[in-house]
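Right, one structure below, let's go through it.
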Number of protein chains: 2
Amino acid sequence: MKDVAARAGVGLKTVSRVVGGEPGVTPETERRVQEAIEALGFRRNDSARVLRKGRTASVGLVLEDLADPFYGPLSRAVEEVARAHGALLVNGSSAEDPERERELVLALCARRVDGLIVIPAGDDHRYLEPEIRAGVATVFVDRPAGRIDADVVLSDSFGGAREGVAHLIAHGHRRIGFIGDHPRIHTATERLRGYRAAMAGAGLPVDDSWVSLGSTEPGRVTGAATAMLAGPEPVTALFAGNNRVTVTVVRVLAGTSRPVALVGFDDFELADLLRPGVTVVAQDAAALGRVAADRLFQRLAGAAPAPARVELPTRLIPRGSGELPPA
Amino acid sequence: MKDVAARAGVGLKTVSRVVGGEPGVTPETERRVQEAIEALGFRRNDSARVLRKGRTASVGLVLEDLADPFYGPLSRAVEEVARAHGALLVNGSSAEDPERERELVLALCARRVDGLIVIPAGDDHRYLEPEIRAGVATVFVDRPAGRIDADVVLSDSFGGAREGVAHLIAHGHRRIGFIGDHPRIHTATERLRGYRAAMAGAGLPVDDSWVSLGSTEPGRVTGAATAMLAGPEPVTALFAGNNRVTVTVVRVLAGTSRPVALVGFDDFELADLLRPGVTVVAQDAAALGRVAADRLFQRLAGAAPAPARVELPTRLIPRGSGELPPA
DNA sequence: TTGAAAGCGCTAACAC
DNA sequence: GTGTTAGCGCTTTCAA
């Protein structure tokens, strides 16, 4: 910038004005400055700008895994909102590791992102308290924050699961299995709670062997499903706790002779083209991201409402697998 | 930091040493500084650090659409490599709009990312010349840069498509349709070239009505497929130019009575569970990201080889749809 | 309309 | 081992 000023024969501040689009510069002067900028290939250094202004025009997004199809649309939605506000997105995957989440979040804070959207892996976010006090707007998505009071936007896991399981019950099932994510994860326990509520609501008992929480790794899920489908009194239907579980269960069921009903939480591409089509409880990942980002930018614009919990509804989409009668 | 120094009763530089993990500080002094840091909830401001050091420890990733399942694994792979080098990822979607790509890239440069990984939307990247000269390492992925000489990592679109089409020919097809992405996109034309090469190699003519390039929007693709399957001499097989086209074609074929063979470029989840399973030419999106990021960090480490083109092999995965005989 | 000086928070270089 | 000074590239303040 110094060089540009020298070449254009003007003061430093004049260049700053032109680059920043501030008023108060003669067209003629502006032309000279622009010329020097072109000639020197000058681009303003935003790091210096940030240092001075205190705002980075960037928001951090910490999620579990960028490669998971559930998070793609969510990220994209956050990005679009950020873009509308002139902000860039800095993001990272926690790989469902609380320590890695913490490192990532603190790294983002050190870079002074204006705001933070977090899909938490851990269950204790007190480490964020100083940051939030220091002015970093923070919104949690998909799962609530642990041990701090913060905005959270999530899907109605409890209600969605209850509706999905009730759907199976309505189609005559009485022995229904539940395979879900690790119990450390909020959505997993909420969905299990929904399952239990639906069973209890219909006066049905739940056998311990019908419930399996744990890693969504295919081997674990396959083992759980196979076990529930074996024995003299196998389950006649399965409820899958998220998209990865559902996909693995579909694979298992493709290999069984007797038809087994299935409802999965989360919609996924091509679910309608499988035979039978997979009945799902769909949540709107993009809406989750959009609502969270909107909330974030409200706060960045100065609004300071008390932290709130927003719960988005889910939608049951019958496609065949959930309407199969008990074998 | 000033406050920390005051509270600990030490000089500014000593705090800097402790925070930066530099040697040459008594354990006792270090303890006092740490204490002050805790008490004040101090976190180093990386913007200032960047300004001083000249490196941001961040890399920019510009792709077409974060929500596209093809880019998820690619982003994640880049992220992992970046993480191994202590860098964060700043990313954005160009939405296949050259102007938006340019804005995004320049915004990233203004923030002084150390390096840039770009999946180009446009075909003229001369606007990047000053940046590259200024030291921003740049690697293009999936498609080559336009009108500048830069590193590029891509899949063997030509060879993969040729192999896929040859596979259909080997199974007896002579009238084969090709539905691909917009001709502006490098991979689309390369795959078309592969198609033509396979047909020519087998001495088969190509009717103009068998080839359709354009948007991957479902309506357009459905129209193209339907047209090729109509008339007295319909195609007996289709080659789909990318994952989105393939998915739409699968939907169209699910509604036809007569069996039509299909090979798609790009693998996708559940392709094996459809009936018939979808034969694909698979590319390794994660490898694409990993190789590109490795190359980027080599450059950042000081290596300055001439820009090179790395082409990753594709793999034909027969699953049924590509082995159907002509109707 | 324009510019000079101060300073954002940090680290490199060089004292002590 | 520790502190002091200068300055990274920009914007803010205030004077011309």
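Below, chain A is the first sequence line, B the second, and so on; all start at residue 1.
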[X] side chain: which of [options] is closest?
X      : options                  : value
V10(B) : dT11(D), dG3(D), dT2(C)  : dG3(D)
T26(A) : dT12(D), dT1(C), dA13(C) : dT1(C)
R17(B) : dC14(C), dG1(D), dC10(D) : dC14(C)
N45(A) : dT2(D), dG9(D), dT11(D)  : dG9(D)
F42(A) : dC10(D), dG3(D), dT12(D) : dC10(D)
A48(A) : dA4(C), dG1(D), dG9(D)   : dG9(D)

[X] [atom1] to [N] [atom2]: how many Å, rounded?
X      : N       : atom1 : atom2 : answer
L12(B) : dG7(D)  : CG    : P     : 17 Å
R55(B) : dA12(C) : CZ    : P     : 14 Å
D46(B) : dC8(C)  : CG    : P     : 18 Å
K13(A) : dT12(D) : NZ    : P     : 6 Å
K2(A)  : dA4(C)  : NZ    : P     : 14 Å
K53(B) : dC8(D)  : NZ    : P     : 16 Å
M1(A)  : dA4(C)  : CE    : P     : 14 Å
R52(A) : dA5(C)  : CZ    : P     : 16 Å

Just by modelled atom types, is the [Y] backbone N or O under 3.5 Å from a matching donor or acceptor in the [X] side chain?
X       : Y       : result
H125(A) : G146(A) : yes
T187(B) : I185(B) : no
R111(A) : T56(B)  : yes
D151(A) : A308(A) : yes

ask   = Where each residue is assigned the nucleotide of DNA chain D containing its nearest heavy atom, which of E30(B) and L51(B) is assigned the position nearer the 5′ end?
value = E30(B)

Phosphate OP1/OP2 of [N] contacted by [X] side-chain N/O (<4.0 Å):
X      : N       : answer
R44(B) : dT11(C) : yes
S16(A) : dC10(D) : no
T29(B) : dT2(D)  : yes
T14(A) : dT2(C)  : no

ask   = Where each residue is assigned the nucleotide of DNA chain C containing its nearest heavy atom, which of E22(B) and S47(B) is assigned the position nearer the 5′ end?
value = S47(B)

query = Should the pair R143(A)-E101(A) be classified as a salt bridge under the 4.0 Å nitrogen-to-oxygen rule?
reply = no

task = Indicate, with a heavy-atom threshold strictly under 4.0 Å, whether V25(A) touches base, sugar-phosphate, or nothing.
result = sugar-phosphate

inquiry  = Quick one, F70(B) and Q283(B) - any side-chain contact, counting heavy atoms below 4.5 Å?
reply    = yes

